[in-house]
Amino acid sequence: MPYIFNILDHLLSSGCLDSVFKSMSRSLLTLIRTEMTNGGKPLKLLISSVDLYCHLLRGDQVTFAKSIIHLLNLLVNRFPRVRKITATKLYETLLTLTDISPSLANHQDHGHSQRH
């Protein structure tokens with residue numbers, strides 16, 4: 001399964017699936033969650049899921065919320081390597097995320113206005 005996750009990551013990174021991404025993001029999230037809950041979670045599967053969850057942050061609001069929860073769970077994983085990779089990928093994704101969830105953007109703007 002990690003190989004399939006890697007192929008999906010390459011397809012999403014290259015932009016090949018941009019035209020259908022929004023419509024398939026929930027199905028992709030369901031696929032990842034199903035694979036992650038079946039049996040054990042080998043290290044390679046955990047690491048390869050990080051990239052996909054980061055791509056799913058660009059989905060609709062529901063997909064964004066569920067993906068960020070999974071990424072936050074991976075940040076507290078028992079394997080230091082998973083935590084480090086998740087932190088790095090999540091940081092890079094959030095820096096480049098221009099299509100941010102409206103509720104998160106509103107919350108962020110609201111927080112800045114209170115400080116001034």
Q: Heavy atoms only: give me the nearest Leu90-Ile68 pair and the separation to one decimal.
A: CD1-CD1, 3.9 Å
Q.
Is any side-chain heavy atom of Tyr53 closer than 4.5 Å to one of Leu28?
A. no
**Q.** Which atom of Gly59 lies closest to which atom of Ser25, heavy atoms considered
**A.** CA-OG, 4.2 Å
Q. Quick one: CE on Met24 to CG on Leu56, what's the gap to the nearest 0.5 Å?
A. 8.5 Å
Q | Same apolar cluster (I L V M F W Y, side chains within < 4.5 Å links), Val20/Val62 | A | no
**Q.** Any side-chain heavy-atom pair of Leu8 and Leu31 under 4.5 Å
**A.** yes
Q: Please name the pair of heavy atoms, one in Leu71 and one in Thr86, separated by the smallest distance, quoted to 0.1 Å.
A: O-CG2, 3.4 Å
Q. If we only count heavy atoms from C-beta on, is the His70 to Arg33 side-chain gap below 4.5 Å?
A. yes
Q. Under 3.5 Å, side chain of Ser48 to main-chain N/O of Leu45, donor-acceptor pair present?
A. yes
**Q.** Residues in ring-ring contact (aromatic ring centres under 6.0 Å, His included) contact with His55, at least two apart in sequence or another chain
**A.** none
Q: Please round to the nearest 0.5 Å and tell me the distance separating atom CG of Asp9 and atom SG of Cys54.
A: 9.0 Å
Q: Find the distance between CG (Leu11) and CG (Asn6) and round it off to the nearest 0.5 Å.
A: 11.0 Å
(Q) Using every non-hydrogen atom in the two residues, find where Phe5 and Met36 come nearest and quote the distance to one decimal. (A) CE2-SD, 4.3 Å
**Q.** Rounded distance (nearest 0.5 Å) linking atom CD1 of Ile85 with atom CD1 of Ile47
**A.** 4.0 Å
Throw together a table of side-chain donor-acceptor distances under 3.5 angstrom for residues 72-81, partners on residues two or more places apart or in other chains.
from: Asn73; atom 1: ND2; to: Ile69; atom 2: O; distance (Å): 3.4
from: Asn77; atom 1: OD1; to: Phe79; atom 2: N; distance (Å): 2.8

Q: Identify the two heavy atoms, one from Phe21 and one from Leu12, that lie closest to each other, and give their separation to 0.1 Å.
A: CD1-CD2, 3.6 Å
Q: With sequence neighbours excluded, tell me which residues meet side chain to side chain donor-acceptor pair (under 3.5 Å) with Asp51.
A: Lys89
